[in-house]
Structures are given as C-alpha cells and as structure tokens.
Peer 1: 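Below you'll find the structure I mean.
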Amino acid sequence: MKLEYNGSEQVPLGKPDVWAFINDPQKVASCLPDVQEVTVHDEKNFDAVVKIGLGPVRGKFKFKITLEPQPGGERMNVRISGGGFGSVVDLLAGADLSDNGDTTTTLDWDGAATMRGPIATVGGRVLDAQAQKLISGTFANVKTRMAQG
C-alpha cells in the first residue's frame, strides 16, 4: 500500500535557525507524535520507538531514521524505515525551506510511505488517516517546538 501526503507550516523563526533545528536528530526525534524512546547514533542517524494505534490494534513501532540535508540548505529529506505488528513501513519525507523575509520560514513538506504486512490489510481509510496524523503531527510539532525556543 502506497500513501502520499503534503502540507505547509509557517515557523516563527528565520531560515538559519530552522535549518539548525531540523539538522539536530534529538530535536527532530522530539517532534514525533507519541515517541516513547530515542537512541541517537550520530549527527544524521537515530532510532525511535513510537506508540501506534490503528483501530483496535495498539502497540509500538521501531523506526530507523536518517536525516539527509540537501546541498544549499534549502531542503531536508528524512528517510524512515522500520515497523511492528509483523509489518514494514518505508517513508521518505522532506521539507523545502523558504525564507519569508520577515523572520519567518515556510516549511513546504511532502511524504510518501509504503506499507507491507498485516497492518496494510487493516483498511486503507484507517491506515491513511493514521499515517496522515503521524506525518502532519510531526511537522506541526516542529513548528511548536521551535516557537517555544
């Protein structure tokens, strides 16, 4: 099952501050909804355990996450792979940064996920809603955490 998403967040910080934030694995990990545990391996790689609920099925997924800053400081890609419940998830998400010229930055984000295994058979609508919540929630949390300083 393949799922695709996109959206936009206005962040109340300048582009250099936003770029520094999204290049910090610990800060990015803190933005994942329902994160239970984080293990940072280096400046680009970390693992995260996230609590997931799909309808009546609840449990934890373990993800390997790699930050992939693109040259020029205009785009960050994030590669996520892992799973739980006997299922596998591969996600490539990214955000383009635009300086708004007024000490704010726009993050135009997109993501595409592929799911295989029992979770993918739960039903497209439930799975799609949960994946959308996870991805959009992560980017909304980036905005909130940066606004808090």
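FYI, the numbering just counts along the sequence from 1.
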Peer 1: If Ile, Leu, Val, Met, Phe, Trp and Tyr residues are connected whenever their side-chain heavy atoms lie under 4.5 Å apart, and connections chain through other members, are Val40 and Val142 in the same group?
Peer 2: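 Linked within one cluster.
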Peer 1: How long is the gap from NZ on Lys44 to CG on Asp42, to the nearest 0.5 Å?
Peer 2: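 Rounded to the nearest 0.5 Å, the NZ-CG separation comes out at 8.5 Å.
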Peer 1: Holding to side-chain contact (heavy atoms from CB on, under 4.5 Å), I want the full list of residues that pass it with Val35, two or more places apart in sequence or in another chain.
Peer 2: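 Here the qualifying residues are Leu32, Val38, Ala48.
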Peer 1: Quick one: closest heavy-atom pair of Gly94 and Asn77, and the distance?
Peer 2: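 Minimum heavy-atom separation between Gly94 and Asn77: CA-OD1, 3.7 Å.
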Peer 1: Only counting residues at least two apart or in another chain, list the ones meeting salt bridge (Lys or Arg N to Asp or Glu O under 4.0 Å) with Asp17.
Peer 2: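 If we apply the salt bridge (Lys or Arg N to Asp or Glu O under 4.0 Å) test to Asp17, skipping adjacent residues, there are no hits.
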Peer 1: With sequence neighbours left out, what residues match Lys143 under side chain to side chain donor-acceptor pair (under 3.5 Å)?
Peer 2: none
Peer 1: Residues in salt bridge (Lys or Arg N to Asp or Glu O under 4.0 Å) with Lys51, at least two apart?
Peer 2: none
Peer 1: Are Lys15 and Glu74 close enough for a salt bridge, meaning some N to O gap below 4.0 Å?
Peer 2: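 Here Lys15 pairs with Glu74 in a salt bridge, since their nearest N and O are under 4.0 Å apart.
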Peer 1: Which value, rounded to the nearest 0.5 Å, describes the distance between Leu13 atom CG and Asp99 atom CG?
Peer 2: 11.5 Å
Peer 1: Could you pull out the closest heavy-atom pair between Ser87 and Gly117, with the gap in Å?
Peer 2: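 In this case the closest contact between Ser87 and Gly117 is OG-C, 3.5 Å.
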Peer 1: Same cluster or not: Trp19 versus Val28, using hydrophobic residues (I, L, V, M, F, W, Y) connected whenever any side-chain heavy atoms lie under 4.5 Å apart?
Peer 2: yes
Peer 1: Look only at the side chain of Gln70 and the backbone of Glu68, and say whether a donor-acceptor pair between them is shorter than 3.5 Å.
Peer 2: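 Checked: pair present.
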Peer 1: Rounded to the nearest 0.5 Å, how far does NZ of Lys27 lie from CZ of Arg145?
Peer 2: 12.0 Å
Peer 1: State which residues pass side chain to side chain donor-acceptor pair (under 3.5 Å) with Asp110; sequence neighbours excluded, sorted by chain then number.
Peer 2: Arg75
Peer 1: Measure the shortest side-chain to side-chain distance between Pro33 and Thr138 over non-hydrogen atoms and say whether it is less than 4.5 angstrom.
Peer 2: yes
Peer 1: Can you find a pair of side-chain heavy atoms, one from Gln10 and one from Asn100, that are under 4.5 Å apart?
Peer 2: yes
Peer 1: Please identify which of these residues, Asp90, Leu91, Leu3, meets the side chain to side chain contact (heavy atoms under 4.5 Å, CB included) condition with Met115.
Peer 2: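 Going through the options one by one, the only one that passes is Leu3.
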Peer 1: Who are the ring pair (Phe, Tyr, Trp, His ring centres under 6.0 Å) partners of Phe63, not counting sequence neighbours?
Peer 2: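 So Phe63 forms a ring pair (Phe, Tyr, Trp, His ring centres under 6.0 Å) with Phe61.
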Peer 1: Around Lys64, counting heavy atoms of other residues, nucleotides and ligands shown, do more than 12 lie under 6.0 Å from its NZ?
Peer 2: no
Peer 1: Which pair of heavy atoms, one from Ala112 and one from Glu4, lies closest together, and at what distance?
Peer 2: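 Shortest heavy-atom separation between Ala112 and Glu4 comes out as CB-CG, 4.0 Å.
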Peer 1: Same cluster for Ile80 and Phe21 if Ile/Leu/Val/Met/Phe/Trp/Tyr side chains link at under 4.5 Å?
Peer 2: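 Result: yes, single cluster for both.
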Peer 1: What closest approach, in Å, do Thr106 and Ser8 show between heavy atoms, and which atom pair accounts for it?
Peer 2: CG2-OG, 3.4 Å
Peer 1: So if you build clusters from Ile, Leu, Val, Met, Phe, Trp, Tyr with side-chain heavy-atom gaps below 4.5 Å, do Leu92 and Tyr5 land together?
Peer 2: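 Not linked; separate clusters.
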Peer 1: Taking all heavy atoms of Ala29 and all of Phe46, pick out the closest pair and write down the distance.
Peer 2: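 Reported closest heavy-atom pair: CB-CE1, 3.5 Å.
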Peer 1: Distance from Leu97 atom CG to Ile22 atom CD1, nearest 0.5 Å?
Peer 2: 4.5 Å
